[in-house]
Amino acid sequence: MKLSDMRLSAIGGTLCGIWASFSVGDLLNGALTALVGTLVSFLLSRLLNRIFKRKQ
């Protein structure tokens, strides 16, 4: 077995181990949290932009 084959096997095993540790619920929870954070950030920046434009 070549060194490159061993590296590829180690990387593949690591990725499979990491993949197995995540559940669908965890991934959905993370995606939902990211979506809510993005929406809050966007809406807050728009609100602050409107407030500061009125003061100028």
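Quick note: residue numbers are just sequence positions, from 1. Note that this is a predicted model, so its numbers are computed, not measured.
Phe52 and Leu44 fall within the same hydrophobic cluster, defined by Ile, Leu, Val, Met, Phe, Trp and Tyr side-chain heavy atoms under 4.5 Å apart, directly or through other members.
Listed by chain and residue number, Val24 satisfy the side chain to side chain contact (heavy atoms under 4.5 Å, CB included) test with Leu28 (two or more places apart in sequence, or in another chain). Legend: residues meeting side chain to side chain contact (heavy atoms under 4.5 Å, CB included) with Leu43, ordered by chain and number and at least two apart, are absent.
For residues 37-46, the set of pairs meeting the side-chain hydrogen bond (donor to acceptor under 3.5 Å, both in side chains) definition, not counting sequence neighbours, is empty. Applying the side-chain hydrogen bond (donor to acceptor under 3.5 Å, both in side chains) test to residues at least two apart or on different chains, the pairs with a partner in residues 21-34 are Ser23-Asp26.
When hydrophobic side chains of Ile, Leu, Val, Met, Phe, Trp and Tyr are connected at separations under 4.5 Å, Trp19 ends up as a singleton with no cluster partners.
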